[in-house]
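Remember, it's 1-based here, ligands and their atoms both numbered in the order they're listed.
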Amino acid sequence: MISPRKTYIIANWKMNFTPGESSLYLQRLSNRIQPSRNVQVILAPSTVSLQPLSLQINRRQFKLAAQNFYWRDYGAFTGETSVSQIRGFVDYAIVGHSERRHIFNESEEDIAQKVAAALRNNITPILCIGETAMEREDGETAAAIYSQLANGLNEVSDRDIDRIIIAYEPVWAISTNKNACPAGITDIEEAQALIRKHISKLYGKEASETIPVLYGGSVNSDTAGGYLSIKGIDGLLVGSASLIADSFCAIVETAKGIKNE
Ligand code: 13P
């Protein structure tokens, strides 16, 4: 079960860093980020770096997350990596990232199966959801959020909902490298409320109050504090700013400051 109201800071390195570079970068972060009770720092390197980093990390300091995997446990699936092959290396797995949905045409069915496969292998899924710019302009944000939640959680029972993290990543806000505008804060506050409302309908009030909801999309060290202060936001999924030690460490420090550590 996920401890309620922890703050999660997740570095999604995407398709960056070789295993050697990942190892050196981890070393730099290790020297600067101290273990914390309230702020969980999670690193999501490329699949090829998971095994070496799992031998190198101090798990009190960092946890590892997979960026992707295939949901079958084994078999004739050339080029794929199953979640059971990486289960010894990671505690978390990102599922349904918008780049997987939109660039690799991952279906809602695949995403639901991946969430189920992660849970089956004792890995916490970080289910990413978020509307596109067009859905937003058409006033379909709530519908998009609801349908991605309902589909992604299709295989999740009442018993397992407390093992899930939701990341709200509006597609229009990813990789913009712009600072947040005030409307962004309102959008995010409304979105987390929609997410919790829908979780309440599907799994009850308690689940809706305890499920961690993170924000992701162009977070940097200047904007992290603002996002973390939004009611109902329990952490951040950071892309490009997580590739720069100064920026990422500053984001983690900001989270600790908000938690009064
Ligand atoms: P950026 O922080 O680069 O916008 O990426 C966000 C993201 O996709 C994290 O998963």
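Ligand 1 is never approached by G216 to a heavy-atom distance shorter than 4.0 Å. Residue contact check for ligand 1: A241 places no non-hydrogen atom closer than 4.0 Å to it.
Interatomic distance, NZ of K6 versus CD1 of I165, reported as 10.0 Å (0.5 Å rounding).
For the residue pair W172 / E131, a side-chain donor-acceptor distance below 3.5 Å is found, with atom types taken as modelled.
When the side chain to side chain donor-acceptor pair (under 3.5 Å) test is applied to S49, the partners found at least two apart in sequence or on another chain are S22.
Per-residue contacts place L237 under 4.0 angstrom from the following atoms of ligand 1 (heavy atoms of the residue considered): 9 (C), 10 (O). Those atoms of ligand 1 that come under 4.0 Å of a heavy atom in S218, given as number and element, are 1 (P), 2 (O), 4 (O). Close contacts between ligand 1 and N12 involve ligand atoms 9 (C), 10 (O) [criterion: under 4.0 Å to a heavy atom]. Which parts of ligand 1 touch S240 is read off a 4.0 Å heavy-atom cut-off, strictly below it: atoms 1 (P), 2 (O), 3 (O). Atoms of ligand 1 found under 4.0 Å from any heavy atom of K14 (numbered from 1 in listed order, with element): 5 (O), 6 (C), 7 (C), 8 (O).
A cation-pi geometry, defined here as NZ or CZ lying under 6.0 Å from the six-membered ring centre and within 45° of its normal, does not hold between R28 and Y25. Cation-pi geometry between K201 and Y146 is met: the NZ or CZ atom falls under 6.0 Å from the ring centre, inside 45° of the normal.
When the heavy-atom distances from atom 4 (O) of ligand 1 to G239, S242, S175 are ranked, the shortest goes to S175.
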